[in-house]
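Structure first, commentary second.
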2 protein chains.
Amino acid sequence: MKAELRLWLRLLTTTTTIEAEIRRRLRTQFNTTLPRFDLLAALDRAPDGLTLGEVSARMMVTNGNVTGLATRLESEGLVARRVDPQDRRAVRLTLTTEGQAVFDTQSAAHGSWIKEMFAGLAPEEREALHRLLGRAKSALQTALEAEEAL
Amino acid sequence: MKAELRLWLRLLTTTTTIEAEIRRRLRTQFNTTLPRFDLLAALDRAPDGLTLGEVSARMMVTNGNVTGLATRLESEGLVARRVDPQDRRAVRLTLTTEGQAVFDTQSAAHGSWIKEMFAGLAPEEREALHRLLGRAKSALQTALEAEEAL
DNA sequence: GAGAATTGTTTTAGGCTTCAAGTATGTTGA
DNA sequence: TCAACATACTTGAAGCCTAAAACAATTCTC
């Protein structure tokens, strides 16, 4: 098997394992899901809220997807939907007080999970991995741009 | 933000970007999906076929999920379902002749996509990344086992 | 051997995701 | 001005995915 393929499979399984564990803990400890958490996180970083389109761009998912997520989170009372007065086509999403409190708790736990999962890696290894992933990302970017230009 | 979190986010976006591109190409070039491709790949590696349970373990997804995937692929004529004569509870899945041909084509393309996407990385970088991901995986393993023992 | 536990699969209910089509609002230029 | 185009969102159909419950066949144990 080609070296590139082996690298890709290892990258994939590492990421998948971590992600599965995060999903599992979000479910068992907070009865929530990763997409819900990600949406709250996006709103947490935006004090004035975000339109659905902005959320969709930040989360790299489709508009229709965000519509459904927002509807569920709204019905749970964690986010508020409100038509933008400036542009009546746009819907602005904000964290409710409860949503902010819920996110703060979940976010703290999430941070400590990640820290725990990488605890076995020496700081130099962590840095080297971070750097190489950066290299891989930019190599990838180049490859995809070349592809697109065809 | 913590160094661990930055590392995780970079790992996640790198993987997600590659995976999204693979999904996109499978869809546009072969009108198929990654789970379908993964199931065919699992069968390709098993000359005598696999039971649904074995597929489910290899793909790290639930049994119910494989039932649905198998049903769709069966209706497309790419896999065959047949009760195992040894253990009549089990269903054995095999590639049909058409399924094998389809997979061979898709697999060749998939391999060249991966090669292309990592082309910008020097062989030493590729190796270093592979090694560090191995370290991360085993560190992770240790952390999760420690967690489980609680 | 009969009953109990285990194993392999399917079903059910619900959430996530996409694409494509539809609705409403906003912008622009002849 | 107003028709054409663009933008923001929603809806609908289909597939992917999970957990839990239901079902069926096998194995274990007494």
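Chain naming here is simple, since letters A, B, ... match the order of the sequence lines and numbering starts at 1 in each. As the structure is a prediction and not an experimental result, all values here were calculated from the model.
Residue A:Thr33 places at least one side-chain N or O under 4.0 Å from the OP1 or OP2 atom of C:dC16. OP1 or OP2 of C:dT18 lies within a sub-4.0 Å distance of a side-chain N or O belonging to A:Thr62. B:Arg23 has no side-chain polar atom (N or O) that falls below the 4.0 Å cut-off from OP1 or OP2 of D:dC16.
Regarding A:Leu93, its CG atom lies at a distance of 9 Å from the P atom of D:dC9, rounded to whole Å. In this structure, B:Asp87 places its CG atom 8 Å from C1' of C:dT7, rounding to the nearest Å. Rounding to whole angstrom units, CZ of residue A:Arg24 and P of D:dA20 are separated by 12 Å. Rounded to an integer number of Å, the gap from CG of B:Asn31 to P of C:dT18 is 17 Å. Put simply, CZ on B:Arg82 is 17 Å from P on C:dG8, counting in whole angstrom units. In this structure, A:Arg27 places its CZ atom 17 Å from P of D:dC17, rounding to the nearest Å. Spacing between atom CD of B:Glu54 and atom P of C:dT7 amounts to 15 Å, rounded to whole angstrom units. Between the CG atom of B:Asn63 and the C1' atom of D:dA21 there is a distance of 14 Å, rounded to whole Å.
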>> Test salt bridge (Lys or Arg N to Asp or Glu O under 4.0 Å) on B:Arg58 and B:Glu54; report intermediate values, then the result.
In response: CA-CA 6 Å; B:Arg58 275 169 183 62; B:Glu54 288 167 339; 5.3 Å; no
>> What verdict does the side-chain contact (heavy atoms from CB on, under 4.5 Å) test give for B:Gln29 and B:Trp113, after you've listed the backbone C-alpha separation in whole Å, the side-chain angles of each residue and the deciding distance to 0.1 Å?
In response: CA-CA 12 Å; B:Gln29 296 184 28; B:Trp113 298 339; 3.6 Å; yes
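For A:Thr96 (side chain) and A:Gly77 (main-chain N/O), a donor-acceptor pair under 3.5 Å exists by modelled atom type.
Here A:Glu21 pairs with A:Arg25 in a salt bridge; the nearest charged N to carboxylate O distance falls below 4.0 Å.
With hydrogens and angles ignored, a donor-acceptor pair closer than 3.5 Å exists between the side chain of A:Arg89 and the base of D:dT7. Donor-acceptor pairing under 3.5 Å, judged by distance alone, is absent between the side chain of A:Arg88 and the base of C:dT25.
When heavy atoms are screened at a 4.0 angstrom cut-off, B:Gly64 is found touching base atoms of the nucleic acid. Within the nucleic acid shown, A:Arg36 comes within 4.0 Å of sugar-phosphate atoms alone, with no base atom in reach, counting heavy atoms only.
When distances run from any side-chain atom of A:Val61 to the nucleotides D:dC16, C:dG8, C:dT18, the shortest one goes to C:dT18. Listed nucleotides C:dT10, D:dC16, C:dT9 differ in distance to B:Arg81; the shortest reach to its side chain belongs to C:dT10. The side chain of A:Thr67 has D:dT11 as its nearest neighbour among D:dT11, D:dA8, D:dC17. Taking every side-chain heavy atom of A:Ala90 into account, D:dC9 is the closest of D:dT18, D:dC9, C:dG8.
Considering only heavy atoms from C-beta on, A:Leu69 stays 4.5 Å or farther from A:Asp38 through its side chain.
Heavy-atom distances to DNA chain D give each of A:Leu52 and B:Arg72 a nearest nucleotide, and the one nearer the 5′ end belongs to A:Leu52.
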